[in-house]
Amino acid sequence: MKTVLKNGRILDPSQDIDLIGSLVIEHDQVVEYGKKVDERGAVEVYDCTNLWITPGLVDPHVHLREPGEEHRETIVSGTQSAAAGGFTTICCMPNTNPALDTPSLIDFIMDKAASPEAGGVFVAPVGALTVGNDGTRLTDLAALKKAGIVAASDEEHPIQDSAVMTRAMETCLQFDIPIMAHCDDTSLSAGASMNEGAYSAMLGLKGMPRSAEEIMVMRNCLLSLHTGCQLHIMRVSTWGAVEMIRQAKYLGAPVTCEICPHHFSLTEEAIGEFNPLFKTTPPLRTSLDVDMLIEGLRDGTIDCIASDHSPYANYEVQVPFEEAPFGMVGLESVVGVTLTNLTHKGVLSPLETIRKLSSAPAQILRLEAGSLKPGETPVAQVCVIDPEVTWQFDVTKTFSKGKNSPFQGMPLKGKVVLTICGNEIYRDARFDARRLAGVG
Amino acid sequence: MSRHLLGIRHLDREDIEELLGLSKDFKKKVLEGRPIANGKAPVVGLLFFEGSTRTRVSFEQAATYLGYRVSNFASGASSMSKGETLKDTILTLRYERLEALVMRHRSSGSASFAARYFGGPVLNAGDGQHEHPTQALGDALTILERKGSLEGLTVAIVGDVAHSRVARSNAWLLSKMGADVRFVGPRTLIPGNVSMLPGTVYYDLAAGVDGADVVICLRLQRERMEDGQLSSVNEYRRLYQINRHTLRYANPGCLVMHPGPLNRGVEVDDMAADGDASAISQQIENGIFVRMAALYWAFQDPPAKPAKASAKAAVQTGKARRKKS
């Protein structure tokens, strides 16, 4: 079957392409794109005027919760949510129960993700760095790599012992595995539930000092610099962390980092009267941090955007603030929030926006994704975005099992209307009217 | 309609004046033996998840004087110990047709959480390290009785400010009523950023107490030593104890207050706790009358006010002031 996406704005950051034209998909592959394409024999032709045609988006940081926490999310529901968010490749985190610390668990993830009822996106597992994320004993990283992990991480249980982290880096360097690190000195942040500062003092909540994040960012950057191991720092939230990563890059350390939409969109003030939907780690910080994070996005210190999609059951979130878990869902709001708060405010151009959402994370984790170039990806991975449509985010209508979103009810500008990963895996009703009659 | 008493931060000056006025009326009636019951006898649930003797007894006494009925829940005996969530416990009490809920819980923000699910008024009897509004009201009534007014007084709150709900509630109340509030204590026990709290910070006791009309001592919890936030009890005693020597810096007739329970000989010595300047026993007694006022007030319709975000406005009265000493 031949499909033509016609007269859209084609944005392919992997080739620095930004042009108005059409894109042709045939036999699950992108076959050509450009100002003038061969439409003969097309079964489906869609008018994409004023829409963006981009590579399928790539999310380096998603919690699918399976195995063990299926009441929060499953591989099926999580991948469906990803498809609706415009993603065609996602990395799933190893802090499941049990942790993803053996090859058989990696096989399990890949099988489930490939099942017909799943959302049809590629799932690239991130393996546990230590057994059971215990922070002491390294997993069999070579075997995990062979099973298909694209990176290793201890996620929410960051390795505290610098000697263990050094050995982890040396091992990962040997087997060419990037380390994804959540940076938190838990001796400083234990028992805390929000940013340490004026609001935590007012609300009587124990605060996480910014130094808890920055100490670990600095340590991990130094270990990366000295071992040569590729390091990807997850969800930066403070201006100090961005500054340290900037310095590490300047020194030549193989370091990259990501930011979550909530960290560049919200501040600690949003917690208001103890609203647990705004509880996350690292915590929402201050407007100064947001300004400096945006500067980091602009100057390229922050490489990519990740949802840190962290679904929970309602009953887990409907508890007093201090007892609530950390994290929020994100897959289906990333594009809207990013376009609203970055692109439409002139922080990032459309091409740079899409770079941080697709080709940059694909390059960091060496995924076959994030490009429209024919043959570059196993099957066509394409996302169509309506950048101008205004809509209200309604988490009750999302595919994810988790409904814990801080963006509930928020007016957003920009929405995914079509996702293709080989086949069409998501279509917004708004896109139906784009079908051109009489062709085919 | 009814209203919650979740914290002093959420009240404006008129609310506080109304509550203190009611407290005075109730105190007068009780001391004169005049009848108070007004025909209504709502059932008030007392839900205490944290150990408390004085606050619970005080609420029970207040309800008794008002002719309200009380239903007691202790956390150990409740279904919470069987794994029920707090939300379900609150909903159960709602459908048991309790008409008001007095709650103490270890978690900051738990009172506003309860108010989200309980239909009637919720009165915060202490939520974590956030607020303890009826304690502050009792303290304010005591200061009013002894000093005649709150306006223009200098009040030093001394000790573990960072972990104290009493400190927060008192600071909000006294500053909203025109007093000058100071937070005095070691750096490890004062929040690093007090720009959203109404008070000036002093790390030196003599400077902090200098010219004070009232000193409120906070209880020093032993776990602060275990956490390494204090080196030793002796060190704290030497640097921050309220006694006749340190009180010499204060204004003559300076009141000594303490929310209890006291660590005698640590944050306050016998002379200060039992001397003429002490208002500690009066604080306890006044606790009953302000809780009568709070229970009564909670069942009244709030007066029509011009629309404004009162919590927001209140927050903005907190000023960034920090003094090096």
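Chain A is the first sequence line, chain B the second, and so forth, proteins listed ahead of strands; every chain is numbered from 1.
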Apply side-chain contact (heavy atoms from CB on, under 4.5 Å) to B:Arg9 and A:Leu203, showing your working. CA-CA 10 Å; B:Arg9 176 164 61 93; A:Leu203 295 173; 3.3 Å; yes
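In this structure the side chain of B:His130 never reaches within 4.5 angstrom of the side chain of A:Glu322, judged on heavy atoms.
For the atom pair NZ of B:Lys87 and OH of A:Tyr315, the computed distance is 12.0 Å after rounding to the nearest 0.5 Å. A:Phe274 CZ to B:Leu6 CG: the interatomic distance, rounded to the nearest 0.5 Å, is 9.5 Å. Rounding to the nearest 0.5 Å gives a distance of 10.5 Å between OG of B:Ser112 and CZ of A:Phe321. One distance of note links CD of B:Gln129 with NZ of A:Lys206; it measures 10.0 Å at 0.5 Å rounding.
Under a cut-off of 6.0 angstrom, the local environment of CE in A:Met218 is sparse, with at most 12 non-hydrogen atoms contributed by other residues, nucleotides or ligands. Within a 6.0 Å sphere centred on CH2 of B:Trp297, heavy atoms belonging to other residues, nucleotides or ligands number more than 12.
Looking at B:Ser107, the atoms closer than 4.5 Å to chain A (heavy atoms on both sides) sit in the backbone and in the side chain alike. When heavy atoms are compared at a cutoff of 4.5 Å, A:Pro276 approaches chain B solely by way of its side chain, counted from C-beta outward.
Side-chain atoms of B:Arg168 come within 3.5 Å of backbone atoms of A:Ala201 as a donor-acceptor pair (strictly under, hydrogens ignored). Between the B:Ser108 side chain and the A:Gly204 main chain, a donor and an acceptor come within less than 3.5 Å of each other.
In terms of heavy-atom proximity, B:Phe113 sits nearest to A:Gln318 at CZ-O, 3.2 Å.
For the pair A:Glu323 and B:Arg106, the salt-bridge criterion is met [side-chain N within less than 4.0 Å of a carboxylate O].
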